[in-house]
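Accompanying notes for the structure given below.
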Amino acid sequence: MQCPKCLRDQFELEKPCPKCGFQIDPGRLVELGHLQWLLGQMTEWGEINIDAAPVSRLKEIYTSRLRDMQVAMGLRLPSFTVEEAANAWVELAHLELLFEKVEEWRAAGYFNEEMGSQDPVRTQRARADELRQRLDEYPRPEFPQKDKDRLKTVSFLLDHIDLLASREWFKSKKEIEKAIAPLMAVMLEVMADNQPE
Ligand SMILES: [Zn+2]
């Protein structure tokens, strides 16, 4: 079977996973399987003639039970607290914008060809996955667009341009300047708007 943690094949119930060391009481794994099966069934309940409200309430209850079990088994990171979540949403929004920019820069041919199809933001994507998992229970807020937030976003992106430049992702200085230019424009615009009269 597959290791429930790292998904490597040839996981044996009675032994720790040879790749990630995951080990679990087989009874707990059966319980986990039942919960996952039940939740899978519930998605089909919409097709039978049952009220949607109680079904969705049941889904909530069992989803939260599944999450707790996965956290206890070390298969999932615990959810953020409300305060942590507020910061994590901002971080995630920044990261997602960075991923969009990276696609733009790649499409515009700013990156060194020898980097091929490698991903310049692989670790950032792993971080974003972690954030999404831990934010799973929280609704996504509107991303604030006050001037202060726009400046923070710009400086986040500029830092990452620096980072990618130091790893020689960009073809030349010219491409770095092209990537920076629209961000500087936003920064100047915000600063001009806030100029004291
Ligand atoms: Zn494993």
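Just so you know, ligand 1 is whichever comes first in the structure, and atom 1 is the first atom listed for that ligand. FYI, the numbering just counts along the sequence from 1.
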Protein N/O/S atoms closer than 2.8 Å to the Zn ion (ligand 1), ordered by chain and number, come to C3 SG, C6 SG, C17 SG, C20 SG

I'd like a table of donor-acceptor pairs (distance under 3.5 Å, sequence neighbours excluded) in which one partner is a side-chain atom from residues 70-82, with atom names and distances.
residue, atom, partner, partner atom, Å
Q70, OE1, R76, NE, 3.3
R76, NH1, Q133, O, 3.4
S79, OG, E137, OE2, 2.5
T81, OG1, E84, N, 3.2
T81, OG1, E84, OE1, 3.4

Taken to the nearest 0.5 Å, the spacing of Q41 CD from E44 CD works out to 5.5 Å

According to the interplanar angle, ranging from 0 to 90°, do the rings of F111 and F170 count as parallel (below 30°), tilted (30 to 60°) or perpendicular (above 60°)? tilted

- prompt: Is there a path from V90 to L131 through hydrophobic residues (I, L, V, M, F, W, Y) whose side chains come within less than 4.5 Å of each other?
  reply: no

Separation between CD (E96) and CG (L98), nearest 0.5 Å, reads 10.5 Å

Taken to the nearest 0.5 Å, the spacing of M191 CE from M184 CE works out to 7.5 Å

